Amino acid sequence: MPEPASSNTDEPLNTAKQVNPANAGAVSRAQLTPQAAAAPQGHDVPGHDHGGGNDGHHHGPDATNPYLVPGISFALLLAGIALDYYKVGFFSGYVRLVWYGLAFVLVGWKVVKAAVLSIPSGNIFNEFLLMSLATLGAFAIGEYPEGVAVMLFYTVGELFQDAAVNRAKRSIKALLEIQATEVTVVRGGQPLVLDPKAVQVGDVMEVKPGEKVALDGTLNGKAASFNTAALTGESAPQTKQPGEAVLAGMINLESLIQVTVTTAFKDTKLSKILAMVQDAVGRKAKTQQFITKFAKIYTPIVVGLAVLLIVVPYFLVSDYVFRDWLYRALVFLVISCPCALVISIPLGYFGGIGAASKAGILFKGSNFLDVLREIDTVVMDKTGTLTQGVFAVQQVQPAAGTTPEQLLRLVGALETKSTHPIAKAVVAHVGAAAAGVPVDNVEEIAGHGLRGKVDGRDVLAGNTKLLTKFSVAYPPEVDQVVDSIVVAAVDGKYAGYLTVADAPKEDAARAVQELKADGISKLVMLSGDKDSIVQRVAKELGITEAHGGLLPEDKAKYVQQYLTEGRKLTFVGDGVNDAPVVALADVGIAMGGLGSDATIDTADVVIQTDHPSKIATARRIARATHRVVWQNIWLAFFVKGIVLALGAGGVATMWEAVFADVGVALLAILNAVRIQRMKF
């Protein structure tokens with residue numbers, strides 16, 4: 001059965017560097033030579049990979065109706081069974097053989113040919129060989145209808161499996177289709193339509209309403225709303241202000257806008273997301289690796305057992321009939337095909353990756369689904385991970401005789417003359433209240449703050465060192481404030497203060513609660529911010545262990561210590577300084593919206609929405625995937641074990657064998673596809 005990672009399905013995935021809906025760079029299995037078709041690919045189980053197109057067992061888009069030929073074969077089979085039942089005179093001898101032979105060739109010649117072509121490469125004990133031996137053997141002993149039926153149901157089963165694989169790919173394939181194939185660039189006052197790869201950093205793009213943004217950039221002119229669902233999984237539109245970042249893949253919702261390009265095509269966040277998704281398909285979980293190794297041993301063993309089932313009874317059974325024991329061996333071969341395991345397990349993990357991508361969570365490999373399920377310790381950065389990563393005014397505390405409005409008006413007007421992040425936070429908070437207020441004679445005192453004339457009054461705004469420098473007395477409790485502080489004086493007298501801090505994200509407290517409820521025994525916050533602020537945020541969110549004032553190497557020491565204690569650990573971060581620790585953890589998780597490229601590249605899992613609550617969501621998806629995969633494993637082993645025993649005992653016929661092979665595979669696939677429908 002084909003593995004979702006391979007390209008022999010109806011919707012081949014491209015390599016990361018080739019993603020372009022107008023020019024799909026992937027070579028489908030239908031284009032391979034017979035030698036390539038017979039060579040091991042996909043899930044790397046010898047013989048359990050379907051050859052492509054003309055020479056392998058392939059049901060791709062090259063056929064106008066892939067069910068037409070099996071339908072003809074099925075009609076011939078039913079007609080033949082009816083002619084046998086009514087004992088029609090002409091339907092005997094060579095006529096009967098040719099009739100059923102035609103029905104068999106229509107669906108079976110590709111399988112037999114693939115079995116033959118696989119022999120020179122040493123890829124002998126495979127699915128094609130098992131099916132070819134069983135069905136041709138059935139013809140050899142005159143069981144024509146059963147030989148046709150086995151191959152027919154096997155072929156139809158593969159068609160259904162291809163459809164299931166393609167269904168599981170849709171959420172990921174949607175990512176491939178959100179990359180724009182052309183872009184309008186304004187050069188010399190003239191609009192030019194170019195390939196995104198030809199656009200240069202600094203060019204200005206025009207994006208019409210309903211169009212996709214082709215490259216990362218900054219918004220010019222006026223505010224605009226964007227649909228970001230393809231990137232983040234969030235349905236609510238986002239409004240961007242002039243100067244804010246706009247990412248490739250976003251859809252402009254309203255009026256014509258202009259965006260200044262800041263990133264080359266190959267370096268856009270969207271291109272990197274696509275690269276992650278493409279790479280994820282090829283990384284196998286431990287369960288997949290186990291099944292791969294198991295199938296390599298299992299297949300030749302069952303062929304050997306089938307041979308023994310023919311030979312050994314000759315010496316032990318008094319009324320030995322070669323034809324009867326050959327039939328039992330053929331049934332044994334059909335039952336033994338490990339298709340249900342080989343396809344449904346990778347499909348289960350693939351479904352998990354697809355479900356996660358729809359939720360805005362990108363796993364770089366199915367192996368990380370397994371590891372994330374096993375973690376017991378979550379270590380998180382503060383700024384940009386649990387907090388918003390931007391300063392905002394938290395508290396306004398005016399002195400006696402001054403109103404909050406007066407304090408904000410004077411300080412806000414003065415801070416408009418500074419480009420410091422804290423000054424910008426104050427100005428954003430004050431808003432229109434400071435507009436039009438006259439400000440003169442502004443002096444910036446390095447490391448202290450600002451001094452100037454605001455509406456005719458002498459105003460100081462900065463830290464406490466600024467007030468001390470100008471001999472302005474202030475209450476001693478001001479020195480005990482934990483957050484960053486802007487202290488003000490008006491006409492030589494203390495006027496109050498504003499606190500500025502990085503506020504927790506809306507879902508940060510919920511993320512902590514969900515992780516605790518999910519069985520995480522140790523939650524830690526590590527930050528480079530000063531320890532007093534870190535401890536306050538940790539207490540606010542319910543985190544019991546937190547450490548502040550850390551350098552990147554200090555964070556690494558803590559993580560190494562936890563790993564040495566034998567903990568399974570994930571680290572969640574967003575900054576460049578988090579990249580080494582993300583790489584050190586068992587599972588590194590990066591915040592993909594605000595996160596640095598270095599951290600995103602290093603991480604094993606990327607949360608595109610920047611919501612820390614998605615960590616618990618990712619664990620739920622990982623557990624659901626694991627549960628479905630093992631349900632399939634036990635289903636396959638249980639049913640095949642019973643029917644193998646019945647087949648060896650002569651109780652089960654080819655019809656039961658078909659159910660044990662194709663039927664169980666289809667049940668397992670339907671179970672695996674369920675992951676796509678689950679709510680997380």
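Just so it is clear, the structure is predicted and the values come from calculations on it, not from any experiment.
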When you compare the side chain of [Y] with that of [X], does any pair of heavy atoms fall below 4.5 Å?
| X | Y | result |
| --- | --- | --- |
| V582 | I589 | no |
| L106 | L76 | yes |
| I615 | I607 | yes |
| V116 | K113 | no |
| I81 | Y100 | yes |
| L152 | P70 | yes |
| F104 | L102 | no |
| V378 | I375 | yes |

Set of ring-ring contact (aromatic ring centres under 6.0 Å, His included) partners for F322, sequence neighbours left out: none
Residues forming a ring-ring contact (aromatic ring centres under 6.0 Å, His included) with Y314, sequence neighbours excluded: Y320
Flag for D370-Y349: side-chain donor and acceptor within less than 3.5 Å: yes
Check against side chain to side chain contact (heavy atoms under 4.5 Å, CB included), V317 and D319: CA-CA 6 Å; V317 178; D319 56 346; 3.0 Å; yes
Could you tell me whether the side chain of [X] and the main chain of [Y] form a donor-acceptor pair under 3.5 Å?
| X | Y | value |
| --- | --- | --- |
| D604 | F368 | no |
| T570 | V587 | yes |
| S73 | A103 | yes |

side-chain contact (heavy atoms from CB on, under 4.5 Å) partner of M151, the single match among L136, V111, L77: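 Only one of L136, V111, L77 forms a side-chain contact (heavy atoms from CB on, under 4.5 Å) with M151, namely V111.
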Listed partners of S132 passing side chain to side chain donor-acceptor pair (under 3.5 Å), at least two apart: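 Testing S132 for side chain to side chain donor-acceptor pair (under 3.5 Å), a comparison that skips the adjacent residues, returns none.
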Qualifying residues under side chain to side chain donor-acceptor pair (under 3.5 Å), relative to D518, sequence neighbours excluded: R619, R623
Could you work out, with side-chain contact (heavy atoms from CB on, under 4.5 Å) as the rule, every residue matching [X], not counting sequence neighbours?
| X | result |
| --- | --- |
| L563 | V559, Q560, L569, L584, D586 |
| L133 | L129, L333 |
| V311 | V307, F315 |
| R328 | L309, W325 |

Got a list of side-chain donor-acceptor pairs under 3.5 Å for residues 137-146, not counting sequence neighbours?
from, atom 1, to, atom 2, distance (Å)
E143, OE2, R323, NH2, 2.6
E146, OE1, Y327, OH, 2.4
E146, OE2, Y327, OH, 3.3

Spatial distance of atom CD (E374) from atom NE2 (H626) [nearest 0.5 Å]: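 E374 CD to H626 NE2: 7.5 Å, rounded to 0.5 Å.
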Between CD1 on residue I310 and CG on residue L326, distance to nearest 0.5 Å: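 Taking CD1 in I310 and CG in L326, the distance rounds to 5.0 Å.
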L372 versus A618, closest heavy-atom pair with distance: CD2-CB, 3.6 Å
Minimum-distance pair of heavy atoms, taken over all atoms of V628 and M678: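 Reported closest heavy-atom pair: CG2-CE, 4.0 Å.
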Those residues that, when tested against D84, pass salt bridge (charged side-chain N to carboxylate O under 4.0 Å, His left out) (two or more places apart):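 R96.
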Whether over 12 other heavy atoms sit under 6.0 Å from Y94 OH: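 12 or below, so no.
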Side chain to side chain contact (heavy atoms under 4.5 Å, CB included) evaluation trace for F363 with V606: CA-CA 7 Å; F363 280 87; V606 179; over 6 Å; no
Pairs meeting criterion salt bridge (Lys or Arg N to Asp or Glu O under 4.0 Å) with involvement of residues 346-355, two or more places apart: none
